[in-house]
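First the structure, in the form of structure tokens, and then the observations on it.
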Amino acid sequence: MKTYTLSSLMLGIAAVALLSGCGRQDNKSAATTAASTEASAPARAAPSEGRAIVIVGNDAMKFDVTEIHATPGEALAVTLKNTGTMPKFSMGHNWVLLAANVDVATFASDAAQSVKTEYVPTAKPERVLASTKLLGPAESDTVRFYAPTKPGRYTFICSFPGHFQVGMKGELIVK
Ligand code: ZN
């Protein structure tokens, strides 16, 4: 009887050790996120002001604005508001504008692997023209940038895993 109690106790200790091991790993990846975010500075200076465009995203994984029209080189200020209620780790949203000729499916796949940089891949940074932070419920963020000078249709997506695939996307139409 006494032996049984002791081995149960030891099992309990082993479980606690396993749990705290996981916790340590989480802290480590959070620190890495903070360090690598600093490395992704925009190549071109952003305008201090721009035409305001507000886009709402929510738990339905859709943007309420799916077409933005702009003139070549126009200064824009895109604000994304997350009006959802689900936690950021399971339902975060961002707004990522892609350069022309970027394969969106490939980019989305790379993004899904980029958890440490909030789903914006650091490889081939020229693929991203502008992006907001990854937002949790009731958060918002504004990104100011110049529209491309070359007329065309530029895709924007939420790069949180799975969201582009279910339609969280739109286009910036420059003409
Ligand atoms: Zn999203």
Side-chain angles (χ1 to χ4, degrees), residues 25-27 29-44 46-47 50-70 74-148 152-174:
Q25 202 173 13
D26 283 351
N27 290 343
S29 63
T32 314
T33 303
S36 41
T37 307
E38 288 169 29
S40 56
R44 190 176 161 198
R51 178 163 57 90
I53 294 155
V54 177
I55 304 176
V56 173
N58 59 29
D59 295 344
M61 294 176 282
K62 294 279 186 281
F63 288 130
D64 71 335
V65 173
T66 55
E67 270 193 13
I68 301 170
H69 295 262
E74 183 181 3
L76 301 173
V78 170
T79 298
L80 177 66
K81 291 184 177 177
N82 179 359
T83 57
T85 56
M86 289 175 70
K88 184 174 169 178
F89 75 88
S90 64
M91 186 57 79
H93 301 296
N94 62 8
W95 184 88
V96 182
L97 177 65
L98 301 176
N101 305 321
V102 169
D103 184 285
V104 186
T106 303
F107 179 86
S109 161
D110 289 355
Q113 306 299 317
S114 306
V115 61
K116 289 177 182 174
T117 51
E118 298 197 315
Y119 306 111
V120 177
T122 50
K124 302 182 195 165
E126 69 279 6
R127 293 185 292 181
V128 176
L129 299 180
S131 65
T132 66
K133 293 186 288 193
L134 186 70
L135 306 175
E139 291 183 335
S140 74
D141 187 38
T142 300
V143 58
R144 293 174 185 81
F145 62 99
Y146 293 106
R153 302 173 83 96
Y154 298 80
T155 301
F156 59 81
I157 67 168
C158 169
S159 68
F160 192 92
H163 291 195
F164 153 72
Q165 289 84 347
V166 297
M168 202 163 188
K169 62 182 177 176
E171 283 186 321
L172 170 68
I173 299 161
V174 178

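Quick note: numbers below take in every heavy atom, side chains included, and nothing from hydrogens, waters or symmetry partners. Atoms within each ligand, like the ligands themselves, are counted from 1 in listed order.
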Problem set entry | Side chain proximity check, His69 to Glu74, heavy atoms < 4.5 angstrom | no
Problem set entry | Pairing of Lys124 and Asp110 as salt bridge, 4.0 angstrom limit | no
Exercise. Would you find a donor on one side and an acceptor on the other, under 3.5 Å apart, between the side chain of Asp64 and the backbone of Val56?
Worked result: yes
For this session: For the Zn ion (ligand 1), check which protein N, O or S atoms are under 2.8 Å away and list them.
Result: His93 ND1, Cys158 SG, His163 ND1, Met168 SD
Problem set entry | Main-chain N/O of Glu139 paired with Asn82 side-chain donor or acceptor, under 3.5 Å | no
Exercise. When the ring centroid of Phe63 is compared with that of Phe156, is the distance short of 6.0 Å?
Worked result: yes
For this session: Please check if the side chain of His93 supplies one atom and the backbone of Asn58 the other of a donor-acceptor pair under 3.5 Å.
Result: yes
